[in-house]
Amino acid sequence: MSKKSKIIKVTGMTCEHCVRRVKKALESLPELENVEVSLEKESASFDWAGEILNMEKAKEVIEEAGYAVIEAEEETRQKELKVHGMTCEHCVRRVKKALESLPEVTDVEVSLGESQASFRYNPAITTDAHIKEAIQEAGYTTESTESTEAPVPDTQKSKSTAQRSINGTKQLKITGMTCANCALTIEKGMAKLPGVKSATVNFASEKLSLDYDPSLLDEKTILEKVKDLGYGAYMESNEGKAQFKVSGMTCANCALTIEKKLRNTPGVQTVAVNFATESVTTDYDPAVTNLETIYEQIRDAGYTPIENKEEFHEDNHVKSQRNWVIFSALLSAPLMPMMFMPMTPGMMYTMFFLATVVQFTAGWTFYRGAYHALKNRSTNMDVLVAMGITAAYAYSVMTTFPHIFFEGPTFFDTSALLITFVRFGKYLEAKAKGRAGQALKRLLELQADRARLFIDGEEKEVPASSVRIGDVVLVKPGEKIPVDGVILEGQASIDESMITGESIPVDKGIGENVVGATINRSGSIKVSTTKTGKDSVLSGIIKMVEDAQGVKPAIQRLADKISNVFVPVVVAISILTFIIWYVFLDSTFVFAFTAAIAVLVIACPCALGLATPTAIMVGSGVGLNRGILFKSAAVLEGIAKVGAIGFDKTGTLTKGKPEVTHLISYEGYSQKDLLRIAAAGENPSIHPLAQAIVQRAKDEGIEVADVQDYHEESGHGTICSYQGKKLLIGNRKLMMKENVPTEGVENDFQELANEGKTTSFVAYDGKIIGIIALADVLKESTKEAIKRLHGLGIKTFMITGDNKKVATVIGNEVGIDEVIAEILPQDKIEIIKRYQNDGLKVAMVGDGINDAPALAQADIGIAIGSGTDVAKETGDVVLVRNDLLDVERAIRLGRKTLTKIKQNLFWALIYNTLGIPIAAGVLFPITGELLPPEWAGLAMAFSSVSVVTSSLLLSRYSKVLAN
């Protein structure tokens with residue numbers, strides 16, 4: 001019997017578990033031999049021993065295992081491509097290597113003279129899209145000149161198996177990790193590979209970031225090493241990734257419902273739904289599904305994907321919630337007094353009308369949410385609320401029409417007021433939510449719009465986006481630097497606070513690097529562009545914020561977890577109650593039905609549903625009154641569990657601007673004389689240090705005089721004429737250049753420098769007349785804030801881009817536990833991850849653009865209110881009053897609120913534990929009476945009121961918090 005080899009494309013595999021399932025499915029067919037399944041190539045190969053090669057059987061078993069099949073061609077094909085952009089043999093080697101890295105691409109030949117590449121390939125394993133992407137990522141463009149391959153339908157195009165990068169960096173998705181130790185195992189194992197410079201594994205996002213030398217290490221070896229370590233891995237590409245907003249979620253279980261729906265969608269590999277930021281992050285296989293299909297699945301689950309973020313207007317959502325509260329309150333308010341009036345038919349029908357309008361307008365959102373939750377085999381708060389209001393309303397309807405159903409009391413007010421109350425809670429929650437997505441937009445707005453392009457000695461103003469690598473741009477004082485680059489000519493003081501957080505500008509000259517969006521404070525420079533677009537430092541920060549926000553937080557609401565069990569249990573008890581009384585105890589239908597309804601009414605989950613949000617509402621209100629803004633309910637819960645807090649230095653622990661700290665005068669001059677002369681010399685300058693000296697003089701009531709012949713020596717200081725004599729203010733270099741001796745004051749200078757102060761010499765008429773020291777001084781509340789945090793048992797650390805000497809002085813002065821200095825934004829993220837990997841919930845306090853990625857990465861981001869809009873948008877908590885003591889107050893308030901939530905849940909559960917058996921009739925043999933439904937209704941209402949009252953008592957904590 002002859003054998004025939006076959007290769008098929010299998011899509012949807014994401015890990016080694018998938019590989020084993022596909023292999024097991026194929027091996028179940030007796031006709032198949034030598035079955036091999038490749039995750040990397042997304043393919044399966046085997047020998048067919050049957051007389052007839054019937055592929056339908058193989059497809060059927062794979063599809064039953066949960067994957068999709070695309071039959072591959074058995075023969076490879078020849079292809080020729082025009083490759084544009086090659087200029088040398090180095091380009092030829094790059095193109096050849098890019099093509100050879102593709103699966104089942106062989107016999108690669110690249111011609112520089114003909115600008116052409118020829119090779120053999122399997123079109124079902126490697127498509128035109130793969131080939132084009134590989135060549136483009138190598139830095140070139142393609143044009144097909146000859147191909148025997150028939151067009152491949154869009155539905156058969158698959159995601160690239162690798163994210164290739166010419167700079168030797170890769171990001172892999174890791175599968176099979178179960179704890180942080182798995183991440184460490186992979187990091188250590190990958191670090192042993194030849195050519196690996198660094199390997200970092202993020203356990204939370206299951207990603208391995210690899211920096212390596214491509215000449216020593218290839219993709220196949222990397223994947224084999226991960227597999228050898230006991231885990232699965234696949235390369236990521238930009239195609240097949242999406243992040244977007246979703247509206248309509250009302251609790252954390254809504255997020256779980258969406259996750260469950262998408263995970264069951266063919267082609268979706270990973271999905272994370274962030275309830276706090278109302279966002280979805282997903283990886284999917286474009287060969288199997290697309291973004292529109294994902295959107296459709298979310299709509300089918302009962303939620304609305306926001307395809308264009310600009311269309312998401314939170315204000316409109318909040319206004320809509322407010323209007324529903326007002327509408328339902330106006331209709332519900334008359335029901336309370338009507339309950340105490342004589343129940344005439346007219347009165348009952350009026351109540352029926354009002355309650356019905358509220359039930360099916362303001363209350364419809366709960367029915368819609370419950371429908372979609374149940375449709376997707378899940379339960380959430382909408383299910384709980386819908387059951388409660390339906391039980392109360394349905395029983396009241398029945399008693400309103402006794403000639404059809406049965407006689408009894410009505411309590412329409414219960415259902416209507418509960419809808420109003422829960423709606424009010426939703427309104428306050430919606431009002432408190434932050435919009436972290438605006439942070440990315442604000443970061444983009446920091447980039448310079450225009451650039452002065454320097455061509456052949458002439459300036460030409462062009463859009464900054466049109467500048468290319470190698471172009472030379474001219475940057476004048478006061479302008480933003482439009483690109484990342486290196487200084488070719490000139491010297492300047494660069495304000496890099498956007499990146500480092502350091503408020504004092506850095507003097508830079510020829511050969512030194514500058515970063516786009518930083519500000520040139522003084523001196524003209526010519527900059528050769530080295531990075532543009534997505535490769536720039538600012539773009540890197542934007543991506544870090546985006547990635548960090550895409551990670552799903554660990555916070556889960558206890559009430560939602562309970563609800564998954566609570567709802568089916570209550571329904572089961574209600575049905576069981578009816579069956580026992582009606583079938584086994586021979587009671588009347590009305591008797592059994594009354595008991596069953598009483599169970600549903602008394603077990604109204606509103607108390608359970610209100611336990612968390614009411615405490616959150618009151619807690620966040622207390623915080624707001626104290627100038628502490630919590631952006632979402634999850635934040636107030638999460639901040640209670642913080643075990644470590646990181647602080648930026650500049651603008652957070654310190655005031656964020658330089659101030660004069662020391663005035664040391666010589667040669668018979670007083671400190672006031674020194675300040676008067678220095679202020680006159682610094683007044684024309686826009687440098688922050690100069691302006692700090694001028695401000696100190698003005699604060700002391702000194703009139704600042706004018707000087708003559710003023711000019712700045714970039715990187716040195718200022719030179720001018722004051723009252724006919726030469727005045728110099730600057731560093732040692734300026735003194736040496738102007739032949740002014742400094743030996744006599746060197747000890748004072750060194751002492752101040754060792755304290756981390758920025759120090760300037762003041763020389764007048766050829767002599768040093770004084771030294772002025774400046775520093776970014778501590779805020780008044782910093783020391784006390786750190787002391788209080790230590791009192792709460794919280795670890796503290798400082799991460800700053802400032803120099804180590806200054807940072808250490810500040811850290812020692814405030815008593816902070818750990819000081820990490822001279823680091824960039826990406827390093828800040830790594831420090832936070834280190835604490836998180838130690839099992840601690842980490843908060844980060846910052847005020848600058850450079851803090852945005854760290855604020856997003858931290859479990860709780862705390863932004864200073866006086867800081868940048870980006871920091872405030874990215875942070876979860878905003879300290880409006882800029883008082884660091886509010887950090888400790890926020891944590892105390894979070895802990896108190898969490899305690900109150902637990903109390904509320906306890907009483908809500910105790911109420912149901914006792915109330916449900918009584919409603920079911922366990923006391924009937926003793927009392928001879930069933931619990932009347934109206935009593936059950938009152939108990940239900942009382943349970944909700946008691947929970948709300950308990951939460952309102954939290955408002956008294958405002959006085960305690962003031963201390």
Side-chain angles (χ1 to χ4, degrees), residues 439 442-443 446 495-504 506 518 537 541 544-545 548 642 644-658 756 775-783 785-786 789 794-836 842-879 881-888 890:
R442 292 185 183 276
L443 281 171
L446 292 171
D495 180 356
E496 294 188 331
S497 57
M498 181 207 59
I499 300 297
T500 65
E502 176 52 56
S503 59
I504 298 175
V506 180
T518 56
V537 171
I541 293 176
M544 282 187 286
V545 173
V642 165
I645 299 184
F647 292 88
D648 174 48
K649 180 184 76 70
T650 307
T652 303
L653 296 174
T654 65
K655 293 183 177 180
K657 59 181 181 179
D776 185 7
V777 298
L778 286 173
K779 291 179 178 178
E780 291 78 4
S781 61
T782 299
K783 290 183 182 179
I786 300 299
L789 289 171
I794 295 173
K795 295 181 179 180
T796 58
F797 60 96
M798 178 172 69
I799 43 180
T800 177
D802 202 355
N803 72 72
K804 190 169 291 186
K805 181 186 292 185
V806 173
T808 302
V809 170
I810 294 291
N812 291 337
E813 190 173 349
V814 301
I816 214 157
D817 293 330
E818 183 182 9
V819 176
I820 307 102
E822 297 178 0
I823 60 173
L824 295 175
Q826 57 266 36
D827 300 314
K828 290 186 178 184
I829 282 184
E830 293 306 315
I831 297 299
I832 289 173
K833 286 180 181 177
R834 171 161 62 85
Y835 276 90
Q836 288 172 329
V842 181
M844 173 67 192
V845 187
D847 74 317
I849 297 159
N850 60 298
D851 300 319
L855 289 170
Q857 174 62 40
D859 297 289
I860 302 293
I862 304 174
I864 302 296
S866 62
T868 65
D869 287 338
V870 173
K872 288 184 285 187
E873 294 284 356
T874 309
D876 302 299
V877 182
V878 178
L879 306 182
R881 301 188 309 151
N882 311 317
D883 186 352
L884 274 187
L885 288 174
D886 285 341
V887 175
E888 183 264 350

Undergrad: Looking at side-chain heavy atoms only, is the closest gap between K828 and D648 below 4.5 Å?
TA: yes

Undergrad: Please list, chain by chain and in numerical order, all residues satisfying salt bridge (Lys or Arg N to Asp or Glu O under 4.0 Å) with E822, sequence neighbours excluded.
TA: none

Undergrad: Working to the nearest 0.5 Å, report the span between CD1 of I820 and OG1 of T800.
TA: 10.0 Å

Undergrad: Please list, chain by chain and in numerical order, all residues satisfying salt bridge (Lys or Arg N to Asp or Glu O under 4.0 Å) with K655, sequence neighbours excluded.
TA: E659, E780

Undergrad: Name the residue from I786, L653, I831 that meets the side-chain contact (heavy atoms from CB on, under 4.5 Å) definition with M798.
TA: L653

Undergrad: Pick from V845, I862, V887: which one makes a side-chain contact (heavy atoms from CB on, under 4.5 Å) with T652?
TA: V845

Undergrad: Atom CD of E818 and atom OG1 of T796: how far apart are they, to the nearest 0.5 Å?
TA: 9.5 Å

Undergrad: Closest approach of A858 and A843, non-hydrogen atoms and distance?
TA: CB-C, 4.2 Å

Undergrad: For L884 and S781, work out which heavy atoms get closest and say how close.
TA: N-OG, 3.4 Å

Undergrad: Would you find a donor on one side and an acceptor on the other, under 3.5 Å apart, between the side chain of D817 and the backbone of F797?
TA: no

Undergrad: Quick check: does any side chain N or O of Q836 sit under 3.5 Å from a backbone N or O of Q857, one acting as donor and the other as acceptor?
TA: yes

Undergrad: Run the side-chain contact (heavy atoms from CB on, under 4.5 Å) check on I810 and F647 step by step: do they pass?
TA: CA-CA 12 Å; I810 294 291; F647 292 88; over 6 Å; no

Undergrad: Between atom CD1 of I794 and atom CD1 of I645, what is the distance when rounded to the nearest 0.5 Å?
TA: 4.5 Å

Undergrad: Within the side chain of T654, is there an N or O that forms a donor-acceptor pair under 3.5 Å with the backbone of K649?
TA: yes

